[in-house]
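Every number for a ligand or one of its atoms is a count from 1 in the order of the listing. The basis for the numbers below is simple: all heavy atoms, side chains too, and nothing from hydrogens, waters or symmetry mates.
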Amino acid sequence: MPAPIHVPRWLSAPEPGWTRTADVIVVGSGIAGLTAALRLREQVDSVLLVTKTVLNEGSTAWAQGGIAAAMDPGDSPEEHLRDTLVAGVGICDVDAVTALVHEGPTRVRELVSLGAEFDRGPTGEILLTREGGHHRDRIAHAGGDATGKEISRALIAALDRVRTDPGIHVVEHAIVVDLLQDEEMRVCGVTLHVIGEGQVDGVGAAYARAVVLATGGLGQIYSATTNPSVATGDGMAIALRAGAVMADVEFVQFHPTVLWLGEDAGGQQPLISEAVRGEGAFLVDGDGVRFMRDIHELADLAPRDVVARAIVARMRETRTDHVFLDARHLGREFLERRFPTILASCRSHGIDPVTDLVPVAPAQHYASGGVRTDLDGRTSLEGLYACGECSCTGVHGANRLASNSLLEGLVFAHRIADDISGRFAAGELPASTPVHPSDDTVLVASKHRVDIQRTMTAGSGVVRTAASTAATAAALADLAATADGSEGGPKSWETTNLLHLGQLLTHLAALREETRGGHVRDDFTARDDVHWRGHTHVVRGADGALTTSFHPTPDQHLDQP
Ligand code: SIN
């Protein structure tokens with residue numbers, strides 16, 4: 001039995017040296033944060049948008065494939081709903097998915113009106129492609145394979161148009177350290193560290209009636225990920241420490257086709273978008289065998305978890321650490337036009353998809369769980385909202401459907417902005433006074449980041465067992481015991497966030513004795529709907545102990561592989 005996990009309330013940090021006040025604080029500047037901030041600005045008096053590095057640095061800008069929405073006349077939200085529920089392996093929240101697929105097309109059209117330029121066909125229609133798990137062409141893309149970059153550009157341009165508006169203030173190079181709460185645990189601000197913005201510098205406190213976390217994922221918890229270096233799970237860890245309910249954190253998505261650069265490659269790895277398979281590329285093993293054909297009716301376009309598991313199985317059978325993607329038949333002209341980013345990235349590593357097989361292997365890509373929210377993005381803590389990858393709206397279940405993440409950020413950011421302004425108008429969410437941080441603090445040295453990544457990859461990665469998760473839990477407990485608070489600053493705050501999330505994720509990975517969604521349990525290889533069709537929730541109590549509960553979902557009567 002692993003030792004109980006103790007999560008202290010605060011990261012060790014200097015006393016705030018400055019303060020700022022706004023109606024709403026939005027943390028993060030991906031599609032979720034920017035959309036929430038822009039919409040809130042139209043509805044409340046003052047918005048403070050803070051981001052860890054610069055506005056376009058997060059995961060959104062790296063999104064290749066596109067944004068899914070039923071915009072083709074032959075498609076329907078109901079079909080998008082069904083594909084999403086099947087990909088989510090029986091544990092999506094149907095109401096959340098219904099909101100996503102019905103509101104999605106309108107939100108994407110609004111994005112177009114705002115200035116986002118999607119790829120279009122000869123008659124001006126938005127081109128739609130297909131990715132894993134979709135039975136229709138419904139993925140809008142931009143710049144071929146640079147969709148996130150274009151969406152980020154359009155949103156930042158919209159923000160630039162209102163930069164002089166006193167109702168919105170943007171602070172870059174600002175890492176949020178912890179949430180501030182009043183005596184009744186209501187969230188009323190954040191502590192944050194800003195590097196040299198001129199007006200403010202060092203650790204400060206920002207107060208607000210509502211805080212929206214839109215901080216993205218936790219990919220840096222593993223050795224290899226498609227996520228950028230800023231994806232250290234800060235928002236999730238901050239919410240965990242403050243006592244928000246966390247949900248489904250064990251469900252990590254491993255993208256099947258990440259460029260394989262050798263066993264020592266670490267950090268952010270180049271993604272080979274599922275859209276390449278959507279346009280006709282296919283997977284082969286080292287002997288040239290197309291192994292996906294025998295595994296799923298959608299073959300290479302099966303849902304992402306099915307493909308990732310099939311690759312892991314094939315790699316084990318053939319005793320290799322990668323398989324190959326064959327796109328050569330698509331031709332130079334098409335590949336260079338449709339996938340310029342991917343071609344440039346492969347070629348920079350000496351691989352030309354026009355003439356070469358592309359070596360690929362699964363790597364961490366997306367956190368399907370996060371801070372539990374309702375349909376308006378409200379968390380279990382009054383005043384705290386979560387949006388995008390750091391949240392768990394229930395849209396993704398055990399495995400996110402391809403290109404639903406940008407859509408989720410867009411749809412739920414609107415819902416959050418409308419909910420907050422509606423509550424302000426009703427006199428709810430009054431300003432309150434934070435309690436002073438206690439001495440229940442912690443800080444792990446940044447040199448341990450690589451130890452966390454190694455043990456998470458070995459024990460709580462795509463393949464898990466009781467023994468592997470126990471070993472990882474023990475290694476993380478040892479690291480937690482080294483915490484002495486001697487090294488301060490952003491790198492050690494990030495490392496401590498990764499440690500807390502690693503402990504939580506590993507705890508849940510050990511509990512879930514089945515194979516569902518992104519991971520393989522080698523000792524429980526089947527899906528177990530009798531015991532495990534449902535959500536895991538975890539909440540930190542006032543004493544720092546974590547309480548876990550299980551919440552079954554009704555049978556969705558879906559044919560799942
Ligand atoms: C991809 O382009 O394959 C990634 C898209 C996504 O993660 O939704």
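R415 and E103 are joined by a salt bridge, as a carboxylate oxygen and a charged side-chain nitrogen come within less than 4.0 angstrom of each other. Salt-bridge annotation for D248 and R516: absent, with no side-chain N of the basic residue lying under 4.0 Å from a carboxylate O of the acidic one.
Residue pairs meeting the ring-ring contact (aromatic ring centres under 6.0 Å, His included) criterion with at least one member in residues 328-358, sequence neighbours excluded: F282-H329.
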Just the distances, no angles: every ligand 1 N or O to protein N or O pair closer than 3.5 Å, one line each.
from	atom 1	to	atom 2	distance (Å)
ligand 1	2 (O)	G65	N	2.9
ligand 1	2 (O)	S273	OG	2.6
ligand 1	3 (O)	H255	NE2	2.8
ligand 1	3 (O)	E274	N	2.7
ligand 1	7 (O)	R304	NH1	2.9
ligand 1	7 (O)	R304	NH2	3.3
ligand 1	7 (O)	H365	NE2	2.6
ligand 1	7 (O)	R400	NH2	2.8
ligand 1	8 (O)	R400	NH1	2.7
ligand 1	8 (O)	S403	N	2.6

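Note: H365 and H255 have perpendicular aromatic rings, judged against thresholds of 30 and 60 degrees for the angle between ring planes.
For D72, there are no salt bridge (charged side-chain N to carboxylate O under 4.0 Å, His left out) partners at least two apart in sequence or on another chain. Residues passing the salt bridge (charged side-chain N to carboxylate O under 4.0 Å, His left out) test with D418, sequence neighbours excluded: R39.
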